[in-house]
Amino acid sequence: MSASLPPTASLPPSDYIIIGGTGDLSLRKIFPAFFWRYLDSQLTDEYRLFATSRATLSVAKFAEKLRPFCESAFADGHATADKWESFLKIIQIVNLDLSNGDGATSLAAQIARKQSTDRPTIYYLAIAPSLFGSAVLMLKAAGLATEQARLVVEKPLGNSGESSRKINGELATVFAEHQIYRIDHYLGKETVQNLMALRFANVIFESLWDNSHVDHVQITVAETVGVGGRASYYDQYGAIRDMVQNHLLQLVCLVAMEPPARFNADQVRDEKLRVLRALRPLEADALLLGQYEDYTDELGTSSTTETFVAMRLAIDNWRWAGVPFYIRTGKKLRQRASEIIITFKDRPHDIFSNSQDGKILGQPNRLIIRLQPSEGLRLQLTSKQPGPGGMRLFPSDLNLSFDETFEERLPDAYERLLMDTARGNQTLFMRVDEVLAAWEFIDPILALAKARTPVSYKAGSMGPTGDLLQADGRSWIDPHEDW
Ligand code: BG6
């Protein structure tokens, strides 16, 4: 069965100012996302996209750098040379030197040309967090931190609770919390949002979503890539800071949170915060660290930074008491796949065992939420094998693949999040108290990790298994190959 995506909602024309606009994040993620939204007519010729750069650069030169990152739009026939040319017309490159504020006055003058009180002005800091403080002060000094201004920032928002408080504190000296959009791009993924629809727009799951019915939850975010060119950055962070503090904990929150009374930014974030605050401090035996075999060769020096981490989390509240949440993530694993698997409790009594020579076939019900690639949902049930021959059972799947259901391309996380900043909707962005609560949970884990040497694992494996689950009589469920 195939279906069409609903028409794209139109948004108020806005000004985006990408500070660090010619850097890696901007070229790889931000401008390609703008281009896709332009192709979809959500971003119109009324928009203005400013990319700030320390070096003088023409739009034509910028376009040359950007084009390889937009190639997929041409390859599948969405983009044409005309569309590309008209897209480039809404881009302006502005000279700006953050170290001394040179260029800020002329940026302000350019923005002022079209400014009106109802036109959102969105500043995206695509620069190192150590420069956030000076960037917001510069915006303030140039009179750009106005009422309708919004600020977009991205992780790493610090490498510990203390440094995160410092960075967030610097932002708060100039912008109010309702103006700050902290991106965690996992929250922009289609299936991650669908998890909320699944839980809160259907009754059948919500009534089973607790410790009376759920045995345990597994979350796997597996990557095949290594750290490559990011080795020196990555070595300072490791998988706990790079993936768990943000993406994986956000996934845990969305699975575990209580239904908010309304689907609005503050109520959703209040509920996520409650989950973070209910996380039990991690016990030493609930942490497993790994490092892929050739990591230190890539880095060129010895290191005990983890490229794989697994944890057994406990959520101390009435809904989840006694239900372990096992999470793991790693680089250079066998396959790129991210899945959330809810395993329900087994049948209390098996009425079919006699008809199968005492063998219990079938398995506990599982709900598998596949985040990537090939987004979709699968509900594993036990059914009767068709045909004569008695009551024989076999595992069967109810399968909803978004790729197959929707013929059109689904927008990627950055596209959705960028458009939410124009819309002024903070639901999918992290509030400061969430970020700090996540650090509060992570800081002691970093102290545990510091005293450990990660277990070496082979590239192309699923990382070290350890006995996190075995000790509980369970095992990891590897992501499906045949999704
Ligand atoms: C980033 C991490 O936040 O997420 C990277 O810094 C990681 O190390 C990436 O590779 C994974 O994102 P995705 O969308 O490819 O799963």
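Counting starts at 1 for both ligands and their atoms, following the listed order.
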Peer 1: Any chance the side chains of R328 and T220 put a donor and an acceptor closer than 3.5 Å?
Peer 2: yes
Peer 1: With a 4.0 angstrom cut-off on heavy atoms, strictly below it, pick out the residues next to ligand 1 and order them by chain and number.
Peer 2: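 K155, H185, Y186, K189, E223, R230, D242, M243, H247, K331, R336, Q372.
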Peer 1: Donor-acceptor pair, E283 side chain versus R312 backbone, under 3.5 Å?
Peer 2: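 Absent.
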Peer 1: Any side-chain donor-acceptor pair under 3.5 Å between N168 and S164?
Peer 2: yes
Peer 1: Compute whether any side-chain donor of one residue and acceptor of the other, for Y233 and D242, lie under 3.5 angstrom apart.
Peer 2: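 Side chains of Y233 and D242: pair found under 3.5 Å.
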Peer 1: Checking E434 against Q250: is there a side-chain donor and acceptor pair closer than 3.5 Å?
Peer 2: yes
Peer 1: Using distance alone, with no hydrogens and no angle criterion, decide if R474 and Y326 have a side-chain donor and acceptor under 3.5 Å apart.
Peer 2: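 Yes.
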